[in-house]
Amino acid sequence: AGGVGHLAVQIAHHLGAEVIATAAEGDLEFVRGLGADRALDYRATDIRAEVHDVDAALVPFAGTTRVDSMYTVRQGGTVVTLLGTEPDGPEIRIAAERGLYYSTTQVYCDQAAMRSIAEMARSGALRARIGRTLPLAICPYRSFEVP
């Protein structure tokens, strides 16, 4: 239900994937409404016991959540994390032991993908949850003039 996750649920659903999402209890209906086939409260659910043999996992968190998610993916499956991994972190060992493709997501320019995402937004298939808006004036990295 976070910034990346709620968009990932919608994109995966749009592409025809069966989506299992984790969220806080108060956001379970929200992620179901975005297209999650199953929504699990990550605070109250043992993910390793509930989810098995998925093809891929997108894991925005480090620590226990990431490690637990790695055990839900089938051998040869994919785990993508949004945060870097320590060279001696358990994720590297677990990925090797379980035969997983493990990667930290990389941002790169892909016009075709961006056009697809823009079309999803234009058609209403992709909705962004905006928690709050901030004035541009507070941006410390402004290096341009606003007309």
Side-chain angles (χ1 to χ4, degrees), residues 1-85 89 91-92 94-95 98-147:
V4 172
H6 86 284
L7 296 172
V9 166
Q10 294 173 81
I11 292 168
H13 174 76
H14 182 78
L15 295 174
E18 179 180 342
V19 179
I20 303 169
T22 59
E25 181 181 12
D27 285 322
L28 296 176
E29 284 306 314
F30 172 68
V31 293
R32 284 187 194 104
L34 297 175
D37 297 287
R38 289 176 64 194
L40 305 171
D41 179 348
Y42 65 86
R43 292 179 183 142
T45 304
D46 179 351
I47 300 301
R48 287 193 203 190
E50 290 291 322
V51 181
H52 305 281
D53 298 319
V54 299
D55 293 323
L58 173 64
V59 188
F61 304 108
T64 308
T65 300
R66 186 184 300 171
V67 169
D68 287 346
S69 295
M70 294 180 78
Y71 286 99
T72 69
V73 177
R74 67 170 172 75
Q75 185 172 3
T78 299
V79 176
V80 176
T81 181
L82 302 181
L83 302 172
T85 300
E91 299 92 338
I92 305 300
I94 294 167
R98 303 203 66 244
L100 304 175
Y101 172 77
Y102 178 77
S103 177
T104 299
T105 189
Q106 300 294 315
V107 177
Y108 59 94
C109 183
D110 181 340
Q111 288 185 4
M114 293 308 294
R115 283 188 182 112
S116 295
I117 291 169
E119 180 53 37
M120 286 180 64
R122 192 172 12 264
S123 72
L126 184 65
R127 300 180 320 270
R129 180 189 219 183
I130 299 171
R132 65 183 175 155
T133 59
L134 302 170
L136 185 58
I138 71 164
C139 180
Y141 302 106
R142 282 188 306 148
S143 61
F144 56 89
E145 293 295 318
V146 178

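All values below come from the heavy atoms of this structure, side chains included, with hydrogens, waters and symmetry mates left out.
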Original post:
Considering all heavy atoms of both residues, which atom of A56 and which atom of V73 are nearest to each other, and what is their separation?
Top reply: C-CG2, 4.3 Å
Subject >> Side chain D37, main chain V19, donor-acceptor under 3.5 Å >> reply: yes
Original post:
Which pair of heavy atoms, one from E91 and one from M70, lies closest together, and at what distance?
Top reply: O-CE, 3.2 Å
**OP:** Kindly indicate, with the supporting measurements, whether the criterion side-chain contact (heavy atoms from CB on, under 4.5 Å) is fulfilled by T22 and T45.
**Re:** CA-CA 9 Å; T22 59; T45 304; over 6 Å; no
**OP:** Rounded to the nearest 0.5 Å, what's the gap from OG1 on T104 to CG on L83? Could you check?
**Re:** 8.0 Å
**OP:** Examine distances only and state if a side-chain atom of T81 and a backbone atom of V59 form a donor-acceptor pair shorter than 3.5 Å.
**Re:** yes
Subject >> Min side-chain heavy-atom separation L82-L58 under 4.5 Å >> reply: yes
**OP:** Could you pull out the closest heavy-atom pair between A95 and Y102, with the gap in Å?
**Re:** CB-CB, 3.6 Å
Subject >> Partner set under salt bridge (charged side-chain N to carboxylate O under 4.0 Å, His left out) for R43, not counting sequence neighbours >> reply: none
Original post:
Rounded to the nearest 0.5 Å, how far apart are CD1 of I94 and CZ of R66?
Top reply: 10.5 Å
**OP:** Working to the nearest 0.5 Å, report the span between CG of D110 and CD1 of I117.
**Re:** 8.5 Å
Subject >> Nearest non-hydrogen partners of R48 and H52, listed with the distance >> reply: O-CE1, 3.1 Å
Original post:
Can any side-chain N or O of S116 pair as donor or acceptor with the backbone N or O of A112 at less than 3.5 Å?
Top reply: yes
Original post:
Do the side chains of L28 and D41 get nearer than 4.5 Å, heavy atoms only?
Top reply: yes
Original post:
Atom CG of L40 and atom CD1 of I20: how far apart are they, to the nearest 0.5 Å?
Top reply: 7.0 Å
Original post:
From Y71 OH over to D46 CG, what is the distance, rounded to the nearest 0.5 angstrom?
Top reply: 13.0 Å
**OP:** Give a yes or no on whether E119 atom CD has more than 12 heavy-atom contacts from other residues, nucleotides or ligands under 6.0 Å away.
**Re:** yes
Quick one: side chains of residues 1-14, donor-acceptor pairs under 3.5 Å with protein atoms, not counting sequence neighbours, listed by atom name and distance.
{"unit_1": "H6", "atom_1": "ND1", "unit_2": "G2", "atom_2": "O", "d": "2.7"}
{"unit_1": "H6", "atom_1": "ND1", "unit_2": "G3", "atom_2": "O", "d": "3.2"}
{"unit_1": "H6", "atom_1": "NE2", "unit_2": "R129", "atom_2": "N", "d": "2.8"}
{"unit_1": "Q10", "atom_1": "OE1", "unit_2": "R127", "atom_2": "N", "d": "2.7"}
{"unit_1": "Q10", "atom_1": "NE2", "unit_2": "H6", "atom_2": "O", "d": "2.9"}
{"unit_1": "Q10", "atom_1": "NE2", "unit_2": "R127", "atom_2": "O", "d": "2.8"}
{"unit_1": "H13", "atom_1": "ND1", "unit_2": "G35", "atom_2": "O", "d": "3.2"}

